[in-house]
Amino acid sequence: MENESVKMIECDDSMKKDVTAKEENIVIQNYYQYYRMFGQSGIVNIHEGPVCWMMPKEGEKGPSLAFGIHLNKETAEKEVQALIEEIRKGKVPQLWHITPDSTPENIIEILEKHGFQNLSVEASGEEPTMLLNKGDFQPYMPISDNIVCHKVKSKEDFKVWIDVVNTALHGWDMIDAEHYYNWVNNERMSIYLGEIDGLPVSTAATIQNGNVASLEFVSALENYRRRKIASTVCSKALEDLFEAGVQSVSLGACGDSALLYRSLGFHSCFNNIIGIYDIAK
């Protein structure tokens, strides 16, 4: 178990070689910004503290995840035990995102000791966080005019975007147009919908914070994958960011999607680590 814990928090050599502390911090802070955006829905609570989390209000549905884990070395075990009791009561999420800034340094060992399971170890493929610096961007230009991408502005288009996201990315109705429509009018957020022959089949969104940003909600319906629609949508979103003065863009990848992002110029930073506490045990 101890060897697994060490393996979990270290990046492989190919990641370490080119990643700076500044780049790593951009990725981490963009994750935190993304998670807090769900609080704008009015149906997801954002808890701030030594462990932060987002969680749907009672009777509502939505994402549930703990993040920003910064516990004191001397009291971490007791705090984790107390939080587990709250998990059992349904007041704290079962899923925890452990990033390189998480403290104490042996937080994974502590979590595993108290019953958390590392889902990342069991993942079928790599799940790297990735970063694109403006000078490395390699845009994809569609070779066919039957592929188009446009910004979502209307509530009608946003409902379509939501349907594609929930179907292609989540497999359940994680978000809805009614509570999240304010994202469309958020000046820091841009939302994109890709179409093939007039059919909406792909999505993306960006969240800007000064001269850095994150690329989120990249998806394509299963029957339209490997047709460059996601590359087209991502390229449009990234071009808009760089034209707006952004210098670096981060994202979280999994499986084959990492190949798409590398083709656009992204490089890996660190592997995502997700822990889960199984209440049934």
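This structure is a prediction, so every number in the text was calculated from the model and none was measured.
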Flag side-chain contact, heavy atom, 4.5 Å: Leu131 against His267: yes

Ser120 side chain reached by Ile98 side chain, heavy atoms, under 4.5 Å: no

Side chain Ser64, main chain Pro93, donor-acceptor under 3.5 Å: no

Results of salt bridge (charged side-chain N to carboxylate O under 4.0 Å, His left out) for Glu48 - residues two or more places apart only: Arg36

Minimum-distance pair of heavy atoms, taken over all atoms of Leu221 and Pro200: CD1-O, 3.9 Å

Short side-chain to backbone donor-acceptor contact, Thr129 and Phe270, under 3.5 Å: yes

All salt bridge (charged side-chain N to carboxylate O under 4.0 Å, His left out) counterparts of Lys236, not counting sequence neighbours: Asp240

Heavy-atom closest contact (Asn118 atom, Glu112 atom, distance): CB-OE2, 4.2 Å

Check residues 50-62 and write down every donor-acceptor pair under 3.5 Å in which the side-chain atom is one partner and the other belongs to a residue at least two apart or another chain.
{"from": "Lys57", "atom 1": "NZ", "to": "Gly42", "atom 2": "O", "distance (Å)": "2.9"}

Pro100 vs Ile28 side-chain heavy atoms within contact, under 4.5 Å: yes

Atom of Leu215, atom of Leu251 and distance for their closest heavy-atom approach: O-CB, 3.5 Å

From CD1 (Ile43) to CG (Asp176), nearest 0.5 Å: 5.0 Å

Main-chain N/O of Ala213 paired to Asn30 side chain as donor or acceptor, under 3.5 Å: yes

Ser257 to Cys254 - nearest heavy-atom pair and separation: OG-O, 2.6 Å

Side-chain donor or acceptor of Glu74 paired with backbone N/O of Ala76 under 3.5 Å: no

CZ-CG distance between Arg262 and Leu132, expressed to the nearest 0.5 angstrom: 13.0 Å

Residue pair Ala258 / Met130: nearest heavy atoms and the distance that separates them: O-CE, 4.0 Å

Phe266: ring-ring contact (aromatic ring centres under 6.0 Å, His included) partners, not counting sequence neighbours: Tyr261

Partner residues of Tyr34 under the ring-ring contact (aromatic ring centres under 6.0 Å, His included) criterion, sequence neighbours left out: Phe38, Phe217

Within-4.5 Å side-chain heavy-atom neighbours: Ser250 and Val212: no

Side-chain (Ser235) to main-chain (Thr232) donor-acceptor, under 3.5 angstrom: no

By salt bridge (charged side-chain N to carboxylate O under 4.0 Å, His left out) - contacts of Asp173 (at least two apart): none

Same cluster (ILVMFWY, side-chain, under 4.5 Å), Leu119 and Trp172: yes

Under 3.5 Å donor-acceptor pairs involving side-chain atoms of residues 148-158, not counting sequence neighbours:
{"from": "His150", "atom 1": "NE2", "to": "Glu195", "atom 2": "OE2", "distance (Å)": "3.4"}
{"from": "Ser154", "atom 1": "OG", "to": "Asp157", "atom 2": "N", "distance (Å)": "3.1"}
{"from": "Lys155", "atom 1": "NZ", "to": "Glu178", "atom 2": "OE1", "distance (Å)": "3.2"}

Salt bridge (charged side-chain N to carboxylate O under 4.0 Å, His left out) partners of Glu239, counting only residues at least two apart: none

Sub-4.5 Å side-chain heavy-atom contact between Glu77 and His114: yes

Straight-line distance of Ser268 OG to Glu23 CD, nearest 0.5 Å: 11.5 Å

Heavy-atom check, side chain of Asn272 versus side chain of His97, under 4.5 Å: yes

Minimum heavy-atom distance Ala220-Ile229, with the two atoms named: CB-CG2, 4.1 Å

side-chain contact (heavy atoms from CB on, under 4.5 Å) between Val233 and Thr203, intermediate numbers included: CA-CA 7 Å; Val233 175; Thr203 65; 6.0 Å; no

Ser202 (side chain) donor-acceptor with Gly194 (main chain) under 3.5 angstrom: no

Nearest-0.5 Å distance, CD of residue Gln138 to OG of residue Ser231: 11.5 Å

side-chain hydrogen bond (donor to acceptor under 3.5 Å, both in side chains) against Lys134, all qualifying residues, sequence neighbours excluded: none

Which pairs would a plain distance check flag for residues 159-167, meaning a side-chain donor or acceptor within less than 3.5 Å of a matching protein atom at least two apart in sequence or in another chain?
{"from": "Trp161", "atom 1": "NE1", "to": "Tyr192", "atom 2": "O", "distance (Å)": "3.1"}
{"from": "Trp161", "atom 1": "NE1", "to": "Ala204", "atom 2": "O", "distance (Å)": "3.4"}
{"from": "Asn166", "atom 1": "OD1", "to": "Met174", "atom 2": "N", "distance (Å)": "3.2"}
{"from": "Asn166", "atom 1": "OD1", "to": "Ile175", "atom 2": "N", "distance (Å)": "3.4"}
{"from": "Asn166", "atom 1": "ND2", "to": "Ile175", "atom 2": "O", "distance (Å)": "2.8"}
{"from": "Thr167", "atom 1": "OG1", "to": "Asp163", "atom 2": "O", "distance (Å)": "2.8"}

Leu71 CG to Ile107 CD1 distance, which is reported to the nearest 0.5 Å: 5.0 Å

N/O donor-acceptor pair under 3.5 Å between Gln117 side chain and Ile276 backbone: no

Results of side-chain contact (heavy atoms from CB on, under 4.5 Å) for Gln29 - residues two or more places apart only: Asn25, Tyr32

Salt bridge flag under 4.0 Å for residues Arg225 and Asp256: no

CD-CD distance between Gln81 and Glu86, expressed to the nearest 0.5 angstrom: 13.5 Å

Side chains of Phe116 and Ile87 in contact at under 4.5 Å (non-hydrogen atoms): yes

Sequence neighbours excluded - ring pair (Phe, Tyr, Trp, His ring centres under 6.0 Å) pairs with any residue from residues 223-254: Phe137-Phe242

Working for side-chain contact (heavy atoms from CB on, under 4.5 Å), residues Tyr180 and Val44: CA-CA 10 Å; Tyr180 290 90; Val44 174; 3.4 Å; yes

Contact check, side chains of Arg188 and Gln33, non-hydrogen atoms, under 4.5 Å: yes

